[in-house]
S.K.: 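Sending over a structure as structure tokens; questions will come in a sec.
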Amino acid sequence: MNEIVLRLNSVEKFYNKSLASEIHVVRGADLSLTAGEMVALVAPSGAGKSTLLHMAGLLDAPDAGTVEIGGQQLSGKSDRQRTKARRQDIGFVYQFHHLLPEFSALENIALPQMANGVGKAEALAQGRELLEIVGVAHRADHRPAELSGGEQQRVAFCRALANKPRILLADEPTGNLDPKTSDQVFDALMTLVRETGLAALVATHNMELAARMDRVVRLENGLLVDG
Ligand code: ADP
């Protein structure tokens, strides 16, 4: 049995608590994610997928329940501890790439590593390796505006993995792409996950992509259910 790298225990989240507009978005969600598995998080828009990913990624604290990363309970810890864990263990990708426009594809991947203390030559070498895996190495020296949407998103995946996180959290990572590009970009994501042994939680409402992952969990009425 692989190591559990992310565990959500009875996680709850309210918005506008104690107001007439209060909503209880997440109502006791449980999830265990093991190293090397890719799990689809499926639900209609507005069901709470982003909310759940933010709590899993320690960007937002649950109102009840706990979030454990690598067996360590972190949801109640200080900002400093959560930031450290997030930087070391978690990579994020979003629907929009958020690459820095004034830097090349390769520099966008190297910069987070250099910010973490890795030397420039090593950061660039590791960035090139990641670009090779996703098939964008030939565009390494181009700025984001010179890349296609699919290429931009593949570079964003590499950037999310640059610091070798254990967990990848992806929020509709192909939601902004046409179906053919979406398939290619998803293939690249799957290859990256397989090659790095990451645990990945990928929110999507594309059922075909969801079916290609190891497991599907649905967010239904604020609870996570299998299948
Ligand atoms: P999804 O990612 O599945 O589309 P979200 O997690 O973004 O869903 O949102 C779930 C629900 O919570 C929605 O009804 C949304 O309007 C509401 N919501 C999200 N963020 C906030 C917030 N900061 N304040 C109030 N309501 C919010």
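Basis for what follows: all heavy atoms, side chains included, without hydrogens, waters or symmetry-related copies. Remember, it's 1-based here, ligands and their atoms both numbered in the order they're listed.
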S.K.: List ligand 1 atoms under 4.0 Å from Pro44, heavy atoms only on the residue side.
M.R.: 3 (O)
S.K.: Measuring from Asp171:CG to Thr204:OG1, what's the distance to the nearest 0.5 Å?
M.R.: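 Between Asp171 CG and Thr204 OG1, I get 10.0 Å after rounding to 0.5 Å.
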S.K.: Pull out every atom of ligand 1 sitting under 4.0 Å from any heavy atom of Ser45, numbered as shown with elements.
M.R.: 4 (O)
S.K.: In ligand 1, which numbered atoms sit nearer than 4.0 Å to a non-hydrogen atom of Thr51?
M.R.: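 Contacts of ligand 1 toward Thr51, numbered from 1: 5 (P), 6 (O), 9 (O).
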S.K.: Between atom CD of Gln153 and atom CD of Gln184, what is the distance when rounded to the nearest 0.5 Å?
M.R.: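 Gln153 atom CD to Gln184 atom CD measures 13.5 Å (nearest 0.5 Å).
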S.K.: Taking 4.0 angstrom as the limit and counting only heavy atoms of Ile23, give me the atoms of ligand 1 inside it, by number and element.
M.R.: 12 (O), 14 (O), 17 (C)
S.K.: What atoms of ligand 1 come closer than 4.0 angstrom to any heavy atom of Ser50?
M.R.: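 Going through ligand 1 atom by atom, the ones under 4.0 Å from Ser50 are 1 (P), 2 (O), 6 (O), 7 (O).
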S.K.: Not counting sequence neighbours, which residues clear salt bridge (Lys or Arg N to Asp or Glu O under 4.0 Å) with Arg218? List them please.
M.R.: none
S.K.: Please tell me if atom 15 (C) of ligand 1 is touched by the protein, where touching means a protein heavy-atom distance below 4.0 Å.
M.R.: no
S.K.: Do any N/O atoms on Asn16 end up under 3.5 angstrom from N/O atoms on ligand 1?
M.R.: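 No, there is no polar N/O contact under 3.5 Å.
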S.K.: Using a strict cut-off of 4.0 Å, indicate which atoms of ligand 1 neighbour a heavy atom of Val25.
M.R.: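 Heavy-atom distances to Val25 below 4.0 Å select 10 (C), 12 (O).
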S.K.: Give the single entry among Lys17, Lys49, His24 that approaches atom 3 (O) of ligand 1 most closely by any heavy atom.
M.R.: Lys49
S.K.: Distance to 0.1 Å, residue and atom name: give those for the protein heavy atom nearest to atom 24 (N) of ligand 1.
M.R.: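 Nearest protein contact, heavy atoms only, for atom 24 (N) of ligand 1 is Tyr15 CD2, 3.5 Å.
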S.K.: I need the nearest protein heavy-atom contact for atom 11 (C) of ligand 1: residue, atom name and distance, please.
M.R.: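 Sorting protein heavy atoms by distance from atom 11 (C) of ligand 1 puts Gly46 O, 3.4 Å first.
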S.K.: Going by the angle between their ring planes, with limits at 30° and 60°, are Tyr94 and Phe92 parallel, tilted or perpendicular?
M.R.: parallel
S.K.: Give a yes or no answer on whether the side chain of Lys13 reaches the backbone of Ile23 with a donor-acceptor pair at less than 3.5 Å.
M.R.: no
S.K.: Apply ring pair (Phe, Tyr, Trp, His ring centres under 6.0 Å) to His205 and list each qualifying residue two or more places apart in sequence or on a separate chain.
M.R.: none
S.K.: May I ask whether Gly48 has any heavy atom positioned less than 4.0 angstrom from an atom of ligand 1?
M.R.: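 Under 4.0 Å: yes for Gly48.
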S.K.: Less than 4.5 Å apart, side chain to side chain, heavy atoms only: is that true for Val185 and Arg154?
M.R.: yes
S.K.: One thing to verify: whether Lys180 and Asp183 come together as a salt bridge, which I'm taking to mean a side-chain N less than 4.0 angstrom from a carboxylate O.
M.R.: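 No, Asp183 and Lys180 are not salt-bridged.
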